[in-house]
Amino acid sequence: MEFIENREVEEQQLKAIFRDMVKYSPSKIIGMIGNAIIVPVYTSLLSPEQYGLYSLSIAVLSFLCIIFSDWVGLSGLRFFKHHQMTQDMPKYLTTLVTMLVSNICLMFILSYIFRHNFYDFFHIPVKYFFAILLLIIPVAIRALLFQLLRAQLKSLSFTVSTIANQFMTILLSIFFVKVFHMGAIALLLGMAVSITLTDLLLIYQSNILSWFRLQKIEWHSVLPIMKYGIPIAATSLSAWIINQSNKFIMNSIHGFSQVGIVGVAYGLTLPLLMTIFSIITVAAIPRIINMYEEKIDVRPIISRFTGYFVLIALPVITVISLYSVDFVQMLSSNDKFLDAFKLVPYFAFGTFFMAMADYTTLQYHLANKTYIDFIIKLTSGIVGVVLNILLIPQYGLIGVGIATLSANFLYFFLSAVIVLPNLRLIYPKLTLARILISFVPFVILLHLFRTGLHLPALIEMLSLMTVFYVCYFLLAKTILKRAK
């Protein structure tokens with residue numbers, strides 16, 4: 001595909017993306033606060049063993065959703081603009097819904113046939129497994145409707161429904177734990193009720209009922225969706241292997257209590273950080289897809305937002321890693337989980353590289369060559385599993401951290417060096433130069449804190465962040481100012 005450079009359209013889209021980021025940011029910021037609340041609340045309600053069981057249940061849920069539902073919603077986002085332009089939305093939505101229903105039915109059939117294999121492989125009690133299967137229904141519906149909202153650029157609706165879902169889940173989970181004393185399964189029940197109510201809201205917000213018609217599917221339209229979506233599912237499964245398989249390996253070696261510690265470290269890093277990091281991608285990707293479909297060169301836009309991501313993410317990751325003990329103490333109400341600090345730096349930087357790969361792998365999604373993404377993610381996942389198996393018996397929690405960080409870095413590295421014609425990432429050299437220089441006063445202040453100027457940990461963390469960003473924005477306004 002030949003692209004044209006259109007500065008006017010580029011500037012228009014930049015402004016539109018920033019507006020969308022402002023609209024999406026409340027859901028992400030409140031979502032981050034919600035994720036920060038979840039860990040101390042849940043760890044105060046559950047023992048390490050029960051929290052470990054909850055973490056394993058969520059891992060199994062994500063495993064099944066990756067295979068049977070999530071990729072349908074992502075395909076819905078990718079091809080929405082194309083079908084909107086061709087004015088065949090009823091057929092398109094019929095196809096998506098039919099595929100989703102068929103996948104869920106297939107999941108139930110396979111789960112029943114191979115139920116004993118599931119129990120043995122995942123080491124999960126029967127009642128939890130059946131609770132997970134029922135929970136997938138509202139989760140799958142939510143995933144599809146959320147992507148349709150993004151495709152329609154309804155950022156405010158997305159924000160409202162995300163916030164509502166977040167806090168309903170927390171409140172209902174606490175209610176079920178306190179009233180019925182059901183342990184970890186009460187959290188799954190709270191999720192089920194909350195997500196079901198959110199689905200009803202999303203149906204109204206997406207206006208899907210005004211478009212959807214039960215009609216005959218044109219099967220030739222199914223193939224592009226499957227060709228795009230199935231490699232995404234395989235890629236997501238590889239990501240799951242990198243970030244979730246360690247819980248099952250740890251459980252088989254050290255039991256549920258150690259899984260609980262891994263779950264706390266995971267809960268304090270990946271979902272917490274990715275919620276903030278995704279403000280950019282959730283706003284930018286739908287518009288980048290639209291520009292690509294209109295044959296506009298999207299590389300300058302991707303480059304600009306890659307730089308913004310590093311600017312937001314790297315200082316935060318660095319501070320969290322340097323103060324991992326204090327970070328865990330602030331966000332965990334149970335001292336039994338304190339050992340999670342050992343994993344925080346590894347998981348935090350692993351999250352950074354995984355999020356960074358969203359920008360380097362966007363080329364494969366635009367070109368509908370998601371099989372490349374799958375291959376490199378699978379390679380990274382296999383490396384992660386091998387490292388977990390080799391390192392956990394000898395190094396325990398540290399082995400989990402090394403394996404996770406190594407696999408996520410390998411994924412980013414491979415996606416950065418395997419590039420498609422006309423979609424090579426233009427690295428934001430000016431932004432990276434400002435970031436590098438801004439770390440100089442950051443390091444000097446850190447040295448002062450470590451050698452004599454002792455302040456409360458939170459004050460030190462905020463001071464380091466402030467010094468970094470003040471230096472960055474001074475550079476951006478003076479000697480390293482962007483040329484117009």
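All values derive from a computational prediction rather than experimental measurement. Just so you know, residue 1 is the first one in the sequence shown, and it goes up from there.
Contact check for Pro315 versus Tyr472: no side-chain heavy atoms found under the 4.5 Å cut-off. Using a 4.5 Å cut-off on side-chain heavy atoms (C-beta onward), Ile435 and Val310 make contact. At a threshold of 4.5 Å between non-hydrogen side-chain atoms, the residues Leu432 and Leu436 do not count as touching. Counting only heavy atoms from C-beta outward, the side chains of Tyr364 and Ser415 approach each other to under 4.5 Å. The closest side-chain heavy-atom distance from Phe347 to Val262 is below 4.5 Å. Within the 4.5 Å cutoff, the side chain of Ile17 has heavy atoms near those of the Ile301 side chain. Proximity of Tyr346 to Thr269: side-chain heavy atoms (C-beta onward) are nowhere separated by under 4.5 Å. No side-chain heavy atom of Phe352 sits less than 4.5 Å from a side-chain heavy atom of Leu273.
A donor-acceptor contact shorter than 3.5 Å links the side chain of Ser194 to the backbone of Asn165. Counting only distance, with no hydrogens or angles, the side chain of Asn388 and the backbone of Gly384 share a donor-acceptor pair below 3.5 Å. With Gln147 contributing its side chain and Asp70 its backbone, the two residues share no donor-acceptor pair below 3.5 Å. A donor-acceptor pair under 3.5 Å links the side-chain atoms of Tyr469 to the main chain of Leu311, judged by distance alone. Side-chain N or O atoms of Ser69 include none that pairs as donor or acceptor with a backbone N or O of Ala140 at under 3.5 Å. Thr404 places no side-chain N or O within 3.5 Å of a backbone atom of Gly401 that could act as its donor or acceptor partner. Counting only distance, with no hydrogens or angles, the side chain of Thr360 and the backbone of Ala357 share a donor-acceptor pair below 3.5 Å.
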Give the intermediate values and the outcome of side-chain contact (heavy atoms from CB on, under 4.5 Å) for residues Val319 and Phe327. CA-CA 9 Å; Val319 168; Phe327 182 67; over 6 Å; no

Walk me through it: do Leu446 and Glu460 pass the test side-chain contact (heavy atoms from CB on, under 4.5 Å)? CA-CA 8 Å; Leu446 177 64; Glu460 290 187 7; over 6 Å; no

List the steps and the verdict of side-chain contact (heavy atoms from CB on, under 4.5 Å) for Phe468 and Thr318. CA-CA 11 Å; Phe468 175 88; Thr318 303; over 6 Å; no

Please step through side-chain contact (heavy atoms from CB on, under 4.5 Å) for the pair Ile58 and Leu188, ending with a clear verdict. CA-CA 9 Å; Ile58 296 300; Leu188 303 180; 4.1 Å; yes

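Here Phe277 and Phe309 bring their ring centres to under 6.0 angstrom of each other.
The aromatic rings of Tyr54 and Tyr42 stand perpendicular to each other, their planes meeting at an angle above 60°, with 30° marking the opposite boundary. Note on ring orientation: taking the six-membered ring where Trp is involved, the planes of Phe409 and Phe412 are tilted (angle from 30° to 60°).
With values rounded to the nearest 0.5 angstrom, Ile203 atom CD1 is found 6.5 Å from Ile141 atom CD1. With rounding to the nearest 0.5 Å, the separation of CG in Asp297 from CD1 in Ile302 is 8.5 Å. Summarising the geometry, atom CG belonging to Leu343 is positioned 9.0 Å from atom CG belonging to Asp339; distances are rounded to the nearest 0.5 Å. Lys369 contributes atom NZ, which lies 13.0 Å from atom CD1 of Ile418 (distance to the nearest 0.5 angstrom). For the atom pair OG (Ser321) and CZ (Phe349), the distance works out to 4.5 Å, reported to the nearest 0.5 Å. Note that the CG atom of Leu106 and the CE atom of Met99 stand 12.0 Å from one another [nearest 0.5 Å].
Paired with Leu64 under the rule side chain to side chain contact (heavy atoms under 4.5 Å, CB included), one option of Ile132, Ile104, Leu135 passes, and it is Ile132.
Between Phe305 and Ile280, the shortest heavy-atom distance links the atoms CD2-CG2, 3.5 Å. For Gln205 against Ser157, the heavy-atom pair with the smallest separation is NE2-O, 3.2 Å. The minimum heavy-atom distance linking Val264 with Ala340 is given by the pair CG1-CB, 3.9 Å. Considering all non-hydrogen atoms of both residues, Leu145 and Asp199 come closest at CD1-O, 3.9 Å. Residue Val139 comes nearest to Cys65 through the heavy atom pair CG1-SG, 3.6 Å, listed as atom of the first residue, atom of the second, then distance. The two residues Val298 and Met291 make their nearest non-hydrogen contact at CG1-CB, 3.7 Å.
Within 6.0 Å of OH on Tyr395 lie no more than 12 heavy atoms contributed by other residues, nucleotides or ligands. Heavy-atom contacts from other residues, nucleotides or ligands closer than 6.0 Å to OH of Tyr204 number 12 or fewer. Around CZ of Arg424, the count of heavy atoms belonging to other residues, nucleotides or ligands within 6.0 Å does not exceed 12. In Phe413, the CZ atom is not crowded: 12 or fewer heavy atoms of neighbouring residues, nucleotides or ligands sit closer than 6.0 Å.
Remark: Arg299 is not positioned above the aromatic ring of Tyr292, lacking an NZ or CZ atom under 6.0 angstrom from the ring centre and at most 45 degrees off the axis.
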